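Everything numeric in this text was worked out from a predicted model, so none of it was measured. The figures that follow rest on heavy atoms only: side chains count, while hydrogens, waters and symmetry mates do not. Just so it is clear: chains get the letters A, B, ... in the order the sequence lines come, proteins before strands, and each one is counted from 1.
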Amino acid sequence: MMRHCCENGASCHHKNPSDQKGKTTRFRVALAGNPNTGKSTLFNALTGLRQHTGNWPGKTVLRAEGTYSFKDVTYTVIDLPGTYSLYSNSADEEVARDYIVFEQPDVTVVVLDATSLERNLNLALQVLEMSERVVVCLNLMDEANRKGIRIDDRKLSSKLGVPVVKTAARDGKGLTELKETVEGVARGHIQTRPFRIRYSDEMEEKIKTIEADIRTIFGNDLPSRWIALRLLDGDPSLTEALKKRIGKEESTDGAIAQPPYPAEA
Amino acid sequence: MEPSLNPLIRPKHNQLDTLASKARSLADPDNRDNMVSSIYKTSRAIVGDVVQYTDRQQRQHSERLDRILTSKIWGYPIMLAMLATVFWLTIAGANVPSSMLAETFAWLEGYITLAFQAVHAPDWLHGLLVLGLYRGISWVVSVMLPPMAIFFPVFALLENFGYLPRVAFNMDRLFKRSGGHGKQSLTMAMGFGCNAAAIMSTRIIESPRERMLAILTNNFVPCNGRWPTLIVLSSLFMAAGVASGLQTFVTAAVVLGIVLFGIVVTLTVSWVLSKTALRGVPTHYTLELPPYRRPKFWNTVIRATLDKSLFVLKRAVIIAAPAGVITWILANLFVGDMSILEHIVAFLDPFARALGLDGYILMAFILGLPANEIVLPILLMGYLSTGAMTEVEDMAALKQIFLDHGWTWLTALNMMLFSLLHYPCGTTLFNIYKETKSPKWTFLAFAIPTGIAIGVTFTVAQVVRGLGWV
Amino acid sequence: MTTVIPLSEAVPGQTLRIRRLELNGTMRRRLLDLGFVPGAEVYVLQKSPLGDPVAFRVSHTTIALRKEESSKIFGELPGGEG
């Protein structure tokens, strides 16, 4: 599973902080997952008492953030709201979606309930469409074992194209391995090739027609296939979020690259 | 950003609009179903490949437990029994540590006073800092900490076990009838600990209408700050005639009765509001019942103590400290031959009598706006008019103080009812404002409970007196 | 022979295979996310003490639905027996 491709992560991703700074390096890790998967337990187990909560900007959704350090590097953990999907059915889902797509954490850990993998996997598959740097965490393994559920994590990992780590956060089991893996993905030492769902031919055709246009606008900054899917689903909140994003981009880049243009009518 | 990918000829906004309308032309209500079923098919295929279920029996463990815990016959009795057990544990367990803490504080106070005398500190400073501030804090700590240190962990154990969603499942029908959401019962459960925290927890209800119902009615669940009042009064006046072995039991039963009455009021108020100011159709509802899990005992207990007990206690101390000082000042500043405190009492008395209370009680509730936990200490301080809050070493002495001021069981009952129903504390109101961003709803959150508290206590007082029961 | 009935009319102990959802908007999305997708098997677990909501087992999890929603989810009983 571990493929040590390059010594420094720089070649893998533009967002990675440089390794050179040593102690000051910080990685951002987002935890996504269904409700009732022990995600908060995992968050507590990782960050201990170094955490604080607040509101997501403009939303009455709780935002919990904490830190841990691993091998002299500080990791900021963002506990995204527990959701069943990321299709922006609710404020929670919108917050989680926007964070993964627009804030682009260095690693997104998808926490899955090993005892009901089928439904939990849906969320994982959605996250894999949104980000390259994903670690799948099979939590509640203790319970799964007790219930006689056996999961072939190697096979799952090769199917999903991202590392899979088994944990029992309540007992603190598997945490070190999870931290190792997160580090590997953050630094680009572990290469991922996220599994992408193949939709019906008709859907794939539709995706193709608009994906090129999305690339023209956003380049490779945003996951174009995922945006295409969301637009085809008629997600109005995404169009809004994208507009906001462009606005921000142009106000920061604008000074250098772009002439001012009249505001829209 | 690579500028080469940004054709600067057309602003991106226009491009995005074109894109959006292109996507709209391709959009189709079936797209969503297509996508979701593709995702599900994929998940199912992957799961079929990597997961083996070796023991089907084990998986049904939670379902078998649910057949009892949410059954037609046993669902409600078990729920009540659990609630009663939590109360009983809290009441029975808190007594001894409470009095030990109080003794320790009193013992420390002696030394602090000696220290003040040693440096020849003026009397007013000693009064302000020791008799006001220090006693205020020690009352709150010794009365509140033990019940909280029992209640929060026990409740957290139930929560981590997975029982609370079952309560929401059992109760949903009642909440639906009254226009609310089943999850409202979860926010009420939070309210047992702290209403201010429970207001934040209403965020789990997504529909704004049902969330507002939950916010406006949360106060009818007695929080930790009000428990001491409920417990002390019911054990002094309601359980007095019972054999001593049964007293804790009767106390718990009376407290349970008060809590149930609070739930009835919650449902009634929700129902009235959803027929009037918050009209609307009940929104969609789904509730997951996660499998039961054996909680990690010590983890849960420690976490609950650290996170909840100490947090609530800190808040209480921060508020109780200045309130202790203010009360001391009011009781020690004289206008004419009466202290300001006594003037207030005299002013409030006629109205309070109509409610079956007296001026001191009403004043204690008013001064107790910042935090409910200081209501009882302020009341005692008023009665004794020593100018400082008292230490109460002995329950019999406490009861005598009340009896000397003309208390009957009606006074005790109505004080409990007023405590249950009256306006939320300052912190809770502040949170309501933060969450609703509306002065109007915040005012209603103050006015509705206050109106009900006055109405209920007035009615009870008139009926009981009319029938000549006291 | 198969009979298609709304989920709300199934009794505890029965298993239905979902045919269609006659719901739109957010609720439809929510139910799809929870696993109430056409083709999925739903096992009726039990009613709450007051008769409504009802708990269902779908994709290895237990989800409670009120009658308002479950009456709009249609599924077939295998073999048409009760």
Practice prompt. Name the member of C:L31, C:L21, C:D52, C:L65 that forms the most heavy-atom pairs with chain B at distances under 4.5 Å.
Written response: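 Among C:L31, C:L21, C:D52, C:L65, the one with the most close pairs to chain B is C:D52.
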Item to complete: Go through C:N24, C:L45, C:L50 and name the one with the most non-hydrogen pairs under 4.5 angstrom from chain B.
Response: C:L50
Answer whether the closest heavy-atom distance between the side chains of [X] and [Y] falls below 4.5 Å.
{"X": "B:K41", "Y": "C:V37", "result": "no"}
{"X": "B:T286", "Y": "C:E69", "result": "no"}
{"X": "B:K176", "Y": "C:E68", "result": "yes"}

Discussion item. Minimum heavy-atom separation for B:G75 and C:P49, please, with both atom names.
Written reply: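 Heavy-atom minimum between the residues: CA-CG, 4.2 Å.
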Region of [X] that comes under 4.5 Å of a non-hydrogen atom in chain B:
{"X": "C:I63", "value": "both"}
{"X": "C:L34", "value": "both"}
{"X": "C:D33", "value": "both"}

Discussion item. I need the C:R57 CZ to B:L289 CG distance, nearest 0.5 Å.
Written reply: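 These two atoms lie 13.0 Å from each other.
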Worksheet item: Can you tell me how far OG of C:S48 sits from CZ of B:R166, rounded to the nearest 0.5 angstrom?
Response: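 It is 13.0 Å, given to the nearest 0.5 Å.
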Item to complete: Indicate yes or no for a side-chain donor-acceptor contact from B:Y40 to the backbone of C:G35 under 3.5 Å, with no hydrogens or angles considered.
Response: yes
Item to complete: Using heavy atoms and a sub-4.5 Å threshold, report which of residues 263-275 of chain B line up against chain C, by residue number.
Response: none
Fill in: Any residue of residues 65-74 of chain B which, by heavy atoms, sits under 4.5 Å from chain C
B:D66, B:R67, B:T70, B:S71, B:K72
Discussion item. Need one label for B:F169: side chain, backbone, both or neither, based on atoms under 4.5 Å from any heavy atom in chain C.
Written reply: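 Both backbone and side chain of B:F169 come within 4.5 Å of chain C.
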Discussion item. Does B:F249, at its CZ atom, have more than 12 non-hydrogen atoms belonging to other residues, nucleotides or ligands within less than 6.0 Å?
Written reply: no
